[in-house]
Amino acid sequence: MAGHRKTRKGKQTTTILVVRVFAIILLCLGFFVAFRYYRRQALQQEQIRQAELAKQEAAAKLLRQKKAFIQKVGPISQNVDKGTGLLPSITIAQACLESNYGQSALSQKYNNLFGVKGTNPNTSAVMTTKEYSNGKWVTVKARFQIYDSYEASIRAHVRLFQQGTSWNKDQYKDVLAAKDYKSQAKALVTDGYATDPDYSTKLINLIEQYNLNKYDN
C-alpha cells in the first residue's frame, strides 16, 4: 500500500510538473507573440512617422523653392511692369503657374517663363507641351522662343500686352484697363490670352496664397 501511495504521489508530482512546464511554455509563447506583435506595431509606427517626416521635409523644400523663385522674379516684374498697366502680381503669378516656379524644362533650358512660341529656328527650340483644346488637355510639339534671362522673358511678356497680337493690337485692352489683380486675371481669359478655363482662378489663388499683391504697391 505504501508503495502504491508513493507511486501515485510520484505520478501526481510529475503531472503537476508537466502542467507547470506547459504553463510556463504557454506563458513564454504568449510573451513572445505579444513582443513580436508590439515590435511590429512599433516598426510600422516608426515607418509611418519617417514617411510623414520625409513628406513634411519635401513639402518644406518645395515651399522654399517656390518662395526663392518668387523672390527672384518679383523685383524684376515690379521694375519691368512699372507704368505699363500690367500688375506685377499678375506677371509673377503667371510666371509661377506657367513655368512651375521655374522648374519647367522650358524655363530652365531657355528662360522662357510664359510658354511664348517662336518661329525663327535660330532663336527658338522645339519642345513638347500640353495645351487645352476642345475641352481637354492634349500633348503637342511646338517651337518656343529662347531668352537669355528671366528679365528678357518678362520684358517680351509685357510687350505682348502693350502691342497686342499681329491680328489685333488691342487684343489685351481689357487686361491693361483692369485696376486690380482679380479683374486683370479674369480679363486674361476674356481677352483670349489663356485657353485654360480655370486660369484666372489659379492666378488669383496664387496671388492670395503668397501675398503677391504686395509687389503692386
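- Judged by distance alone, with hydrogens and angles left aside, the side-chain atoms of Gln78 form a donor-acceptor pair with the main-chain N or O of Tyr215 at under 3.5 Å.
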Test side-chain contact (heavy atoms from CB on, under 4.5 Å) applied to Leu63 and Tyr210, step by step: CA-CA 10 Å; Leu63 182 60; Tyr210 295 104; 3.9 Å; yes
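- Side chains of Tyr172 and Gln184: no donor on one and acceptor on the other come within 3.5 Å.
- Of the possible donor and acceptor atoms, none in the side chain of Asn100 sits under 3.5 Å from a partner among the backbone N and O of Ser104.
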Verdict with supporting geometry, Phe161 and Leu188, side-chain contact (heavy atoms from CB on, under 4.5 Å): CA-CA 10 Å; Phe161 288 100; Leu188 285 168; 3.3 Å; yes
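- At a threshold of 4.5 Å between non-hydrogen side-chain atoms, the residues Gln103 and Phe69 do not count as touching.
- Linking ILVMFWY side-chain heavy atoms closer than 4.5 Å, directly or via other members, places Ile146 and Val116 in two distinct hydrophobic clusters.
- The heavy-atom pair separating Asn122 from Asn120 by the smallest distance is N-OD1, 2.9 Å.
- Atom CG in Asp81 sits 9.5 Å away from atom CZ in Arg155 (nearest 0.5 Å).
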For a quick test of your reading: what N or O donor-acceptor pairs under 3.5 Å do the side chains of residues 47-58 make, sequence neighbours left out?
| from | atom 1 | to | atom 2 | distance (Å) |
| --- | --- | --- | --- | --- |
| Arg49 | NE | Glu46 | OE1 | 3.2 |
| Arg49 | NH2 | Glu46 | OE2 | 3.0 |
| Gln50 | NE2 | Glu46 | OE2 | 2.7 |

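- Put simply, the side chain of Asn79 never gets that close to the backbone of Pro75: no donor and acceptor are under 3.5 Å apart.
- The shortest distance between side-chain heavy atoms of Glu98 and Ser107 does not fall below 4.5 Å.
- Residues Val80 and Tyr193 fall within the same hydrophobic cluster, defined by Ile, Leu, Val, Met, Phe, Trp and Tyr side chains chained together at heavy-atom separations under 4.5 Å.
- The cluster map of Ile, Leu, Val, Met, Phe, Trp and Tyr, joined by side-chain heavy atoms under 4.5 Å apart, puts Leu113 and Ile70 in the same cluster.
- For the atom pair Glu151 CD and Ser77 OG, the distance stands at 10.0 Å (nearest 0.5 Å).
- A donor-acceptor pair shorter than 3.5 Å cannot be found between the side chains of Asn111 and Ser153.
- Closest heavy-atom contact between Asp191 and Asp174: OD1-OD2, 2.7 Å.
- Residue-environment remark: NZ (Lys173) stays at or below the threshold of 12 foreign heavy atoms within 6.0 Å.
- Contact record, Thr91 with Phe114: O-CE2, 3.7 Å, taken as the closest heavy-atom pair.
- Closest heavy-atom contact between Gly102 and Tyr150: CA-OH, 3.9 Å.
- Distance CG/Asp216 to CD1/Ile207: 7.5 Å, rounded to 0.5 Å.
- No more than 12 heavy-atom neighbours from other residues, nucleotides or ligands sit within 6.0 angstrom of NZ on Lys182.
- For the residue pair Ser183/Asp180, the side-chain donor-acceptor check at 3.5 Å is satisfied.
- Closest heavy-atom contact between Ser124 and Gly118: CB-CA, 4.1 Å.
- Of all non-hydrogen atoms in Ser89 and Leu212, the two that sit nearest each other are CB-O, 3.5 Å.
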Verdict with supporting geometry, Lys202 and Asp198, side-chain contact (heavy atoms from CB on, under 4.5 Å): CA-CA 6 Å; Lys202 291 175 181 177; Asp198 298 321; 4.0 Å; yes
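- With values rounded to the nearest 0.5 angstrom, Leu97 atom CG is found 13.5 Å from Ile92 atom CD1.
- In this structure, CG in Leu206 is found 12.5 Å from CG in Asn211, a value given to the nearest 0.5 Å.
- Summarising the geometry, atom CD belonging to Gln94 is positioned 6.5 Å from atom CG belonging to Leu86; distances are rounded to the nearest 0.5 Å.
- Linking ILVMFWY residues whenever their side-chain heavy atoms come closer than 4.5 Å, directly or via other members, leaves Ile154 and Phe144 in distinct clusters.
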